[in-house]
Novice: 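Below: one structure in structure tokens.
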Number of protein chains: 2
Amino acid sequence: MSTLKDIAREAGVSIKTASRVINGEAPIRPETRSRVQAVIDRLGYEPSHAARMMRTRRSGVVGFMTDVVASTPYSVDMVRGMQDELRAFGKTMLIANTERDAQREREFLRMFRQHRVEGMVFASMFHRRLHTVPEAGAPLVLLNCYADDWQGASLVPDDHGGGYAAARYLLDQGHRHLGVISLNPVLPATQLRLAALRTALAERGLSLSPDLVQCGFVGPLEAEQLSAFEAAMEMLRRPDRPSAILCGNDQIALQVYCAAQDRGLQVPGDLSVMGFDDLKLISETLRPALTTVALPYAEMGRLAVRALVDPSQAPMSTVPQRVPCLLRVRDSVAPPTRP
Amino acid sequence: MSTLKDIAREAGVSIKTASRVINGEAPIRPETRSRVQAVIDRLGYEPSHAARMMRTRRSGVVGFMTDVVASTPYSVDMVRGMQDELRAFGKTMLIANTERDAQREREFLRMFRQHRVEGMVFASMFHRRLHTVPEAGAPLVLLNCYADDWQGASLVPDDHGGGYAAARYLLDQGHRHLGVISLNPVLPATQLRLAALRTALAERGLSLSPDLVQCGFVGPLEAEQLSAFEAAMEMLRRPDRPSAILCGNDQIALQVYCAAQDRGLQVPGDLSVMGFDDLKLISETLRPALTTVALPYAEMGRLAVRALVDPSQAPMSTVPQRVPCLLRVRDSVAPPTRP
DNA sequence: CTGTTAGCGCGTTCAG
DNA sequence: CTGAACGCGCTAACAG
């Protein structure tokens with residue numbers, strides 16, 4: 001690969017002049033500029049990022065670390081959102097996946113530090129509280145999580161708002177008797193959405209039957225297994241079965257569809273189903289297509305980068321900032337046939 | 001951030017000695033070593049990747065570029081496979097997603113060149129032929145694609161083998177009357193699997209009814225829409241409906257489940273379903289869980305990195321290397337009830 | 001408008 | 001076993 005010196009020599013100018021045309025600095029005489037440019041094109045020259053970084057002491061790189069990718073590819077939307085925004089600033093991204101392994105986390109943090117990342121984004125798979133905050137010697141933005149001893153930037157989905165929107169939609173369609181198959185109860189998302197649901201219900205003088213609130217998973221949080229099918233089967237066998245089920249995520253909703261099939265119930269005719277997450281792989285593929293609430297992961301990625309790269313413009317507060325979750329109306333909810 | 005010079009000064013040794021303990025070079029007197037190490041730990045020193053790279057002229061970075069992420073998060077497995085292997089070699093990864101935009105592709109290639117990537121992996125969403133080969137001035141491995149004018153390394157899933165395994169499994173279960181809802185016919189994957197199916201059928205003196213081979217998508221390849229539900233409905237209404245349906249991917253299989261529900265057919269009692277891809281989000285969530293064929297994306301990622309980082313060990317041939325697709329037996333296939 | 005000089009933080013060379 | 005000096009490719013600071 002050729003160097004700036006080569007360009008300068010070939011073009012018969014000084015190194016600095018070559019540098020100037022590359023960086024579009026200062027006024028350069030047009031003929032000089034085009035002569036230098038011609039050499040650059042001919043030699044296929046690209047400035048060395050490493051050398052540039054050494055001189056300017058800015059890496060132009062931000063690190064992205066996730067805890068688990070697991071079954072839910074939640075991080076790809078965040079990555080895309082981040083990339084969109086980074087591209088606009090001419091920056092690049094290093095990614096790391098710790099798989100919840102402390103050893104790997106340390107290694108990757110070292111790697112980030114060696115690359116002198118200008119910022120770091122840490123995302124957890126579930127909206128949760130962190131015990132320790134990863135430290136890469138650069139500004140940090142937390143995605144989908146927060147920490148008590150951490151007064152920096154933190155972006156979380158507005159689970160309360162999303163849960164409220166879902167509940168209101170079902171109520172507006174005429175449902176009065178709702179079932180819930182939730183995520184693990186220890187997750188803030190679960191509690192926030194339940195609280196929102198109870199609020200929406202209370203506004204109409206209704207309440208939630210405790211029997212109709214189930215968890216869609218079994219086992220410890222780190223190794224939980226889907227059990228929504230069984231929960232749904234049980235719920236649908238009851239004489240007072242709900243006319244609609246609110247699900248903790250789209251996978252649960254998928255299992256509810258399967259349970260409905262098994263019970264000979266049509267969606268949405270006999271049973272309305274509401275998902276959460278808007279995993280297109282499921283929500284757009286199911287027939288009838290799934291009405292769900294979209295998690296704003298791409299938007300969170302964009303906001304995180306903006307906060308990192310241009311902090312003045314994004315004055316992050318010390319409390320987690322809630323990013324809106326949008327209701328995606330498709331075909332899995334209809335007015336109830338029995339009141 | 002402190003530098004090697006700081007370390008040397010604080011420890012009262014020369015820069016070179018400090019450098020030696022960091023890189024574990026040469027014999028150093030133990031007491032000197034531990035004194036230097038103590039300073040390193042105290043100052044939280046990390047060597048500058050940029051400075052190192054400039055000196056050694058090796059970036060330790062490989063680039064990963066994908067064409068579309070779209071609905072199918074196919075690339076996350078590749079990324080994970082690559083990361084596993086890169087970690088073992090102490091290297092890192094830069095990622096880019098072109099969204100099939102030539103402009104973006106050029107920009108990212110420049111970025112890769114500026115970072116002096118030591119290798120590049122290009123992955124396409126579908127197993128396909130490339131018109132032009134992206135060039136980053138470094139060794140290249142193609143994933144999921146190949147090009148006629150390109151005699152370098154290329155890894156593709158063994159669609160023929162996977163299709164054959166799926167067909168054999170259905171035949172071994174006793175199925176004789178098979179339906180197919182495939183990917184777009186222009187894709188090599190489609191043709192390879194169909195050929196494998198015909199071979200397996202021919203081995204038993206059977207053949208495929210042309211009426212029972214449908215495509216699960218409509219519209220042009222770049223913007224195709226799932227239409228497997230309609231195809232399945234049509235197929236299941238036929239008097240000679242198949243006892244099993246082979247699907248081009250797991251999303252198609254999901255729609256076949258939905259169509260079966262609509263027709264009042266139980267899976268696998270009335271209809272066996274075989275997927276392809278093994279998207280866990282779908283295959284492990286469906287009830288009954290989906291029997292499918294796994295695409296070896298993580299393995300392809302690992303192999304690509306190995307070929308790049310240690311070419312001697314992985315002598316890639318000039319023809320695309322086929323990576324085995326494994327049958328994942330779950331619960332969606334059972335012996336047919338009507339012969 | 002253009003050129004000269006001096007490092008950025010490392011690893012390498014060669015000399016102790 | 002250890003140290004001094006040099007240069008990787010580039011840009012900042014300051015001349016001209």
Side-chain angles (χ1 to χ4, degrees), chain A residues 1-37 39-40 43-61 90 92 110-118 137, chain B residues 1-37 39-40 43-61 90 92 110-118 137:
Chain A
M1 183 111 243
S2 48
T3 77
L4 204 48
K5 206 197 293 188
D6 300 332
I7 305 296
R9 181 167 30 73
E10 292 283 316
V13 297
S14 77
I15 290 185
K16 182 56 191 169
T17 301
S19 170
R20 282 197 178 105
V21 346
I22 284 161
N23 297 321
E25 269 177 34
I28 303 261
R29 204 186 326 153
E31 56 191 79
T32 310
R33 156 183 305 285
S34 61
R35 186 155 40 96
V36 173
Q37 189 60 52
V39 176
I40 290 173
L43 268 49
Y45 168 80
E46 291 290 352
S48 154
H49 174 84
R52 223 173 213 179
M53 166 178 172
M54 231 169 110
R55 201 46 254 213
T56 60
R57 323 200 34 107
R58 315 185 56 250
S59 67
V61 174
T92 57
R110 279 192 53 188
M111 189 266 274
F112 282 179
R113 269 194 288 263
Q114 295 187 354
H115 280 263
R116 304 292 191 265
V117 294
E118 291 173 5
Chain B
M1 183 111 241
S2 48
T3 77
L4 204 47
K5 204 196 292 187
D6 301 331
I7 305 296
R9 183 169 26 75
E10 291 283 317
V13 297
S14 77
I15 290 184
K16 179 56 193 169
T17 302
S19 169
R20 282 198 179 102
V21 346
I22 284 161
N23 296 324
E25 269 176 34
I28 303 260
R29 204 185 326 154
E31 57 191 78
T32 311
R33 158 184 302 287
S34 62
R35 187 155 40 95
V36 173
Q37 188 60 53
V39 176
I40 289 172
L43 267 48
Y45 169 79
E46 291 291 352
S48 154
H49 174 85
R52 218 171 217 178
M53 168 180 171
M54 248 176 93
R55 220 20 268 206
T56 60
R57 325 203 36 114
R58 314 184 58 250
S59 67
V61 174
T92 57
R110 280 191 52 186
M111 190 264 275
F112 282 178
R113 269 194 287 262
Q114 295 187 355
H115 280 264
R116 304 294 191 263
V117 294
E118 292 173 5

Novice: How long is the gap from CD on B:Glu46 to CZ on A:Arg110, to the nearest 0.5 Å?
Specialist: 4.5 Å
Novice: Taking the side chain as every heavy atom from C-beta outward, state whether B:Arg116 and A:His49 have any atom pair closer than 4.5 Å.
Specialist: no
Novice: For the pair made of CD in B:Glu31 and P in D:dC1, what is the distance, rounded to whole Å?
Specialist: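 These atoms are roughly 11 Å apart.
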Novice: In whole Å, what is the span from the CE atom of B:Met53 to the P atom of D:dC10?
Specialist: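 In whole Å, D:dC10 P and B:Met53 CE are 10 Å from each other.
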Novice: If you define the side chain from C-beta out and look only at heavy atoms, does anything of B:Glu118 sit under 4.5 Å from B:Val61?
Specialist: no
Novice: Which letter, B, S or -, goes with each nucleotide of nucleotides 6-16 of chain C from 5' to 3', with contact meaning a protein heavy atom under 4.0 Å?
Specialist: BBBBBBB----
Novice: Measure the spacing between NE2 of B:His115 and OG1 of A:Thr92 and express it to the nearest 0.5 Å.
Specialist: 3.5 Å
Novice: Does the side chain of A:Ile22 reach to within under 4.5 Å of the side chain of A:Tyr45, using non-hydrogen atoms?
Specialist: yes
Novice: A:Thr32 side chain N/O closer than 4.0 Å to the phosphate oxygens (OP1, OP2) of C:dC1?
Specialist: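 So the side chain of A:Thr32 is outside the cut-off, no N or O lying under 4.0 Å from OP1 or OP2 of C:dC1.
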Novice: Could you state the atom-to-atom distance from CZ of A:Arg58 to P of D:dA12 in whole Å?
Specialist: 10 Å
Novice: Would you call B:Thr3 and B:Ser48 a side-chain contact if the rule is heavy atoms closer than 4.5 Å?
Specialist: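 Not touching, per the 4.5 Å side-chain cut-off.
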Novice: What's the spacing between A:Arg9 CZ and A:Leu4 CG if we round to 0.5 Å?
Specialist: 11.5 Å
Novice: Are any of the side-chain heavy atoms of A:Val21 and A:Ile40 separated by less than 4.5 Å?
Specialist: yes
Novice: Take the C1' atoms of the five end pairs on each side of the helix from C:dC1-D:dG16 to C:dG16-D:dC1, derive the two axes, and give their angle rounded to 10 degrees.
Specialist: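 Rounded to the nearest 10 degrees, the bend comes out at 40°.
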